[in-house]
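Both backbone and side-chain heavy atoms feed into the values below; hydrogens, waters and symmetry mates do not. Residue numbering restarts at 1 for every chain, and letters A, B, ... go by the order of the sequence lines.
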Amino acid sequence: MSATYTNAHSYLDNTGDDPAVRAKLVVGDNDFHSVTEKVCGVVERPQPKIWWVVFAISSSLTLVLLATIAYLITTGIGVWGLMVPVGWGYAIVNFVFWVGIGHAGTLISAILFLLRQRWRTSINRFAEGMTIIAVVCAGIFPGIHVGRVWVAYWMAPIPNQMSMWPNFRSPLLWDVFAVGTYATVSLLFWYMGMIPDLATLRDRAKTKIRFYAYGILSLGWRSSNRHWHRFEFAYLLLAALATPLVLSVHSVVSFDFAVSIMPGWHTTIFPPYFVAGAIFSGFAMVVTLVIPVRKIYGLEEIITARHLENMAKIMLATSMMVGFAYSTEFFVAWYSGNTYEAFTFMNRAFGPYAWAYWTMVTCNVLVPQFFWFKRFRTKTVLLWIASVLINVGMWFERFVIVVSSLSRDYLPTSWGYYRPSIIDILTFLGSFGLFFTLFLLFIRFLPIVGMAEVKGVMPQAHLDRPGHRGHGDYHGDIGGAEVLS
Amino acid sequence: MSNAAENAKLYGYLASFDLVDEFLAAAAKVRDAGYTRWDAHSPFVIHGLDAAMGVKKTVLPYIVFLAGLTGAAAGILLQWWTNAVDYPFLISGKPLFSLPANIPVAFETTILFAAVSALIGMLALNRLPQLYHPLFTNRSFKRVTDDRFFISIEAEDPLFDATKTRELLESISGRSIEEIEVHP
């Protein structure tokens, strides 16, 4: 059956919102085999020139990161722009920025799974990969911020010759556990979902090295339904566990701020505000990455216009939440009658860091308003530009929170103006190098689309009988009863 | 035929299918014939196949639940022992052990233990990793991770009969059945 859409400009357009027509999640003339061919082709064919160009740039930037870290460790924290009273600068801003980016991956893989959002299947692997890599980038910053990195293991409860233990009443230690658990669980979730697809790569392997590498990674998966049954349960359980986990991670990150008594930090709104911001920034990064990747590797029929449009809608929703949080902060600063709080917020909007504050508001609240219009949600160039601006805005949000509060603390004699050093900036750029390097390697060696999951939401995957043929977003799960007779 | 082939023992029969419909119906027929040591293989999860095969619900959720409880207890005990007993130190006059301050870490260890047990439990119940399996010797079986559906019945099945089982599979798949051998 061929569905007709009200705005059918081309077969690639599946963004129709007529509830009577179920949208296709894989467009074009695709069957199971063509999906396998397209996704495995990304790994099996030689990489395009652009891959090598970006890889050359990003791996060079990774070397810059390593060099700046080496310089930091051999010289000391003084190479950064940190000062009194701004003791948390770029490192913490970057940490919160990268951890936040990761959240979209878990949202897509876990929360949208529990909500039965079938469209997630085309982008979840991609977003989960981004999550792992973003958490790697995030983990570097607090690690090197401790100054004496050779005693960083003091953060872990390891018995030692000093008979000392970490202080579990500190949010900073909660953070170690939250981010550590998050990294581990995300990795497990990502890897487990990939096992059937790694088996596909194994079965298509043309060389011995590929056969053994993917063979070992896929653990001898033989697509048995008795295995699938437990696999599905494990997947459901991991999704159910990752959902509160992802909400807890940025909540705990926000406790680093909220539990202190700094004006502008000490607010109860921080956990939900941080989580909404994290999801917002994460989706922006997914969109930034997925638009070029689907174009370059010809995956437009699998990662469709509808996927991009849905992500734009989520960005619009989370942008409104973040904007609401910004205004609530101002309201509470006035309504609480706390003069320090009121001063801090006036200072944010009109003080020395007003340029950062208004950059943040423009990028995070004003730019996404374009997503009310379908044209901006479906035109990939405009969507891509908006997503980059949102990334910029979300970085500035963390900069505003960290720096503007610290630079104007309770004691006016210690007020100051924080400027990053060149090492700060190079380390930050270097972390992008690491991010893109790892991401390009992910594209090069691992299946970037969950083939087994995408095949499951295709119309061919369901009983072909009247009333039982499923399509699109909801595919009408078939109970066993129909096949008993 | 080589000596190796003569020594080979029969693992079972393998039937292949192109469409989900045929596959589901076939699985229900094999189940109704009373076989127990058989399996259905598909490139993705097929809803309804568990019922069509008569697969019982896994015990995995209970394992994960117990692991989660263990994680919660471990998190609480760790914080109580380290901060209140083995190395008590006072910060801002706060209690050495108080649940509210210990919830975040206990929560994270709960999730960590449960998640690790979900993956390891799934693999253990599935007896994976198992890098060699007789089915892997069949070339056409490689398409199981692409676009083909298979049903295998093991020779170890008490109802297995070289002729009758073959006839059953041939009648439901409508094409020739392949023999899978175990090479000693």
State, yes or no, whether a side-chain contact exists between [X] and [Y] at a heavy-atom distance under 4.5 Å.
X      : Y      : value
A:P196 : B:T145 : no
A:E453 : B:V45  : no
B:K57  : A:F233 : yes
B:L125 : A:H227 : no
A:L173 : B:V105 : no

Could you tell me which portion of [X] (side chain, backbone, both or neither) has an atom closer than 4.5 angstrom to a non-hydrogen atom of chain A?
X      : value
B:F113 : neither
B:P104 : side chain
B:W38  : both
B:L135 : side chain
B:V64  : side chain
B:L96  : both
B:V116 : both
B:N102 : side chain
B:P95  : backbone

*asked:* Before we go on, tell me: are the rings of A:F177 and B:F107 under 6.0 Å apart, centre to centre?
replied: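 Distance test on ring centres: not under 6.0 Å, no.
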Mind ranking [options] by heavy-atom pairs under 4.5 Å with chain B and telling me who comes out on top?
options                       : result
A:S224, A:A234, A:A452        : A:S224
A:T36, A:L236, A:D31, A:V35   : A:T36
A:E232, A:R222, A:E37, A:M192 : A:R222
A:V259, A:N167, A:D203        : A:D203

*side chain to side chain contact (heavy atoms under 4.5 Å, CB included) assessment of A:V252 paired with B:E108*: CA-CA 10 Å; A:V252 170; B:E108 304 297 343; 4.2 Å; yes
*Greatest number of heavy atom pairs closer than 4.5 Å to chain A - which of B:I46, B:L19, B:L119, B:V59*: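 When all of B:I46, B:L19, B:L119, B:V59 are compared, B:L119 has the most.
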*Could you tell me which of B:T82, B:L112, B:L60 has the largest number of non-hydrogen atom pairs under 4.5 Å with chain A?*
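Counting heavy-atom pairs under 4.5 Å, the top option is B:T82.
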For the student: nearest non-hydrogen atoms of [X] and [Y], plus distance:
X      : Y      : result
B:F149 : A:F32  : CZ-CE1, 3.8 Å
B:L131 : A:G220 : CD2-N, 3.6 Å
A:P157 : B:L78  : CG-CD2, 4.0 Å
A:V185 : B:A115 : CG2-CB, 3.7 Å
A:R226 : B:T36  : NH2-O, 3.7 Å
A:W228 : B:S42  : NE1-O, 2.9 Å

Neighbour count above 12 (heavy atom, 6.0 Å) for [X] [atom1]:
X      : atom1 : answer
A:I209 : CD1   : no
A:I158 : CD1   : yes
B:F136 : CZ    : yes
B:Y62  : OH    : no

*May I ask you to check whether B:N83 and A:W165 show a side-chain donor-acceptor distance below 3.5 Å?*
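There is no such pair between these side chains.
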*Answer yes or no on whether A:R169 is positioned over the face of B:F89, meaning its NZ or CZ is under 6.0 Å from the six-membered ring centre and within 45° of the axis.*
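Checked: cation-pi criterion met.
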*Can you tell me how far the CE atom of B:M122 sits from the CG atom of A:L188, to the nearest 0.5 Å?*
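If I round to the nearest 0.5 Å, the distance is 10.5 Å.
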_Euclidean distance, A:T200 OG1 relative to B:K142 NZ, rounded to 0.5 Å_ =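 It is 11.5 Å, given to the nearest 0.5 Å.
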*asked:* Pair A:N225, B:D50 - check side chain to side chain donor-acceptor pair (under 3.5 Å), show working.
replied: CA-CA 7 Å; A:N225 189 56; B:D50 286 343; 3.0 Å; yes
Pick one of side chain, backbone, both or neither for [X], based on which atoms fall under 4.5 Å of a heavy atom in chain B.
X      : result
A:T184 : side chain
A:I216 : both
A:D197 : neither
A:P166 : backbone
A:L237 : side chain

Examine distances only and state if a side-chain atom of [X] and a backbone atom of [Y] form a donor-acceptor pair shorter than 3.5 Å.
X      : Y      : result
A:W174 : B:I103 : no
A:H229 : B:K56  : yes
A:K455 : B:D147 : no

